[in-house]
Amino acid sequence: MIRTPLCDLLNIEYPVLQGGMAWIADGGLAAAVSNGGGLGIIAAGNAPADYVRGEIRKAASLTEKPFGVNIMLLSPFADEVAQVVAEEKVAVVTTGAGNPSKYMKGWLEAGIKVIPVVPSVAMAKLMTRIGATALIAEGGESGGHVGELTTMVLVPQVCSVTDLPVIAAGGIADGRGVAASFMLGACGVQLGTRFLVAEECNVHPNYKEKVLKANDLATMVTGKRLGHPVRSLKNPFSRDYWKAEYSDMPDEELENLAVGALRLAAKEGDLQKGCFLAGQIAGMVNKEQPAADIIREIMEEAEPVLKGACKWVK
Ligand code: TUI
């Protein structure tokens, strides 16, 4: 059995978080992950605060276990959602795509455990200084909004500058990824792409099929020109966007090209115009199964890998 300090900190059985996937990770998926012994996370994405409140209440009706909310800091509703998580007394808040400093005091006073995604050492130091509960070091292998660094180089550098528990994310989908994360100094992992194909994940079936069929080279990064790089599966949308990005199209027009594309992928399964966010590990995600089985399977796989980790040591 594997137990790390993160389990005690978050009152969970396995040190596994489910990534906050915008338009995808709802109260149903979060509750299934939490019921499976991990920490389920509701993605606020760009949704209004009332939607998030509804999903929090839905998750609370489906599980007695703790769960979290991911706040996407580029959202126009971030301020309102920040308020809602405090009012609803959510156990854990994770943040992405920005600096959550201005919310930190309020959340901590509300008794919320705050776990920001940090894409760099500087952000890890800042979040440690202002009282974060733990850190998610997410490498650019992940799906969605990505930083510059890979998981392999980010996690150990973050671990070197903080005493907080570090959760590795980006490119992890099986027990080897869990074991490798622990070797780098993390005491937990966050998985997005693998949970995207969980049975309890309500994303459009076309989305799941695209992930299940993806190979190692199936993703690409677009959006660098506008300062918001995102990793998604290659399709007509991502290829057209990439071409537009490297053309003389004005920034405003480029920005409009992407409006609604995440929803089109997640809700309509639009294979042409949708933006299917997924991590590079999609090539290894080959079966749909209950969230609880995913968690149990990866942790069972990690055990022999970790026990065999000293096999070359004489
Ligand atoms: O946030 C994510 N992944 C996401 S968010 C998302 S929705 C979206 N919609 C429109 C544009 C962009 C995204 C889809 N996937 N992952 C966590 C993450 N956070 N990755 C990188 C960061 C990050 C980047 C910069 C965290 C902090 C940061 O700070 C910069 C600063 O100094 O403010």
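Every heavy atom of this structure was used, including side-chain atoms; hydrogens, water molecules and symmetry mates were not. Note that the structure is predicted; figures quoted are calculated from it, not measured. For ligands, and for the atoms within them, numbers begin at 1 and follow the listed sequence.
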Show me the side-chain donor-acceptor pairs of residues 110-120 shorter than 3.5 Å, one per line, residues at least two apart or across chains.
unit_1	atom_1	unit_2	atom_2	d
Lys113	NZ	Leu9	O	3.0
Ser120	OG	Met123	N	3.2

query = Would Gly45 count as a contact of ligand 1 if the rule is a heavy atom under 4.0 Å away?
reply = no
Would [X] count as being in polar contact with ligand 1, using the rule that some N or O on each side must be under 3.5 angstrom apart?
| X | answer |
| --- | --- |
| His228 | no |
| Glu138 | yes |
| Gly96 | no |

request  = Would you indicate which of Glu255, His145, Met127, Glu148 comes nearest to atom 20 (N) of ligand 1 when only heavy atoms are counted?
outcome  = His145
message = Whether the side chain of Thr162 engages the backbone of Thr128 through a donor-acceptor N/O pair (distance < 3.5 Å, no angle test) should be reported.
response =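 Not confirmed, Thr162 side chain does not pair with Thr128 backbone.
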Give the contacting part of [X] toward ligand 1: side chain, backbone, both or neither, where contact means a heavy-atom distance below 4.0 Å.
| X | value |
| --- | --- |
| Leu277 | side chain |
| Ile136 | neither |
| Met21 | neither |
| Met72 | side chain |

query = Is atom NZ of Lys267 surrounded by more than 12 heavy atoms (other residues, nucleotides or ligands) closer than 6.0 Å?
reply =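 Yes, because the 6.0 Å sphere around NZ of Lys267 holds more than 12 heavy atoms from other groups.
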Specify the protein heavy atom at minimum distance from [atom]: its residue, its atom name, and the distance to 0.1 Å.
| atom | value |
| --- | --- |
| atom 24 (C) of ligand 1 | Pro119 CG, 3.6 Å |
| atom 18 (C) of ligand 1 | Val117 CG1, 3.3 Å |
| atom 22 (C) of ligand 1 | Ala97 N, 3.6 Å |
| atom 30 (C) of ligand 1 | Met123 CE, 3.7 Å |

Does this structure show an ion pair linking [X] with [Y], if we count only N-O contacts that are shorter than 4.0 Å?
| X | Y | result |
| --- | --- | --- |
| Asp174 | Arg194 | no |
| Glu88 | Arg53 | yes |
| Lys224 | Glu245 | no |
| Arg296 | Glu300 | no |

task = Please state whether the rings of Tyr207 and Phe276 are parallel, tilted or perpendicular, taking 30° and 60° as the class boundaries.
result =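 Taking Phe276 first and then Tyr207, their aromatic rings stand perpendicular (interplane angle over 60°).
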inquiry  = For residues 88-140, which residue pairs pass the ring pair (Phe, Tyr, Trp, His ring centres under 6.0 Å) check, not counting sequence neighbours?
reply    =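 Sorted pair list: Tyr103-Trp107.
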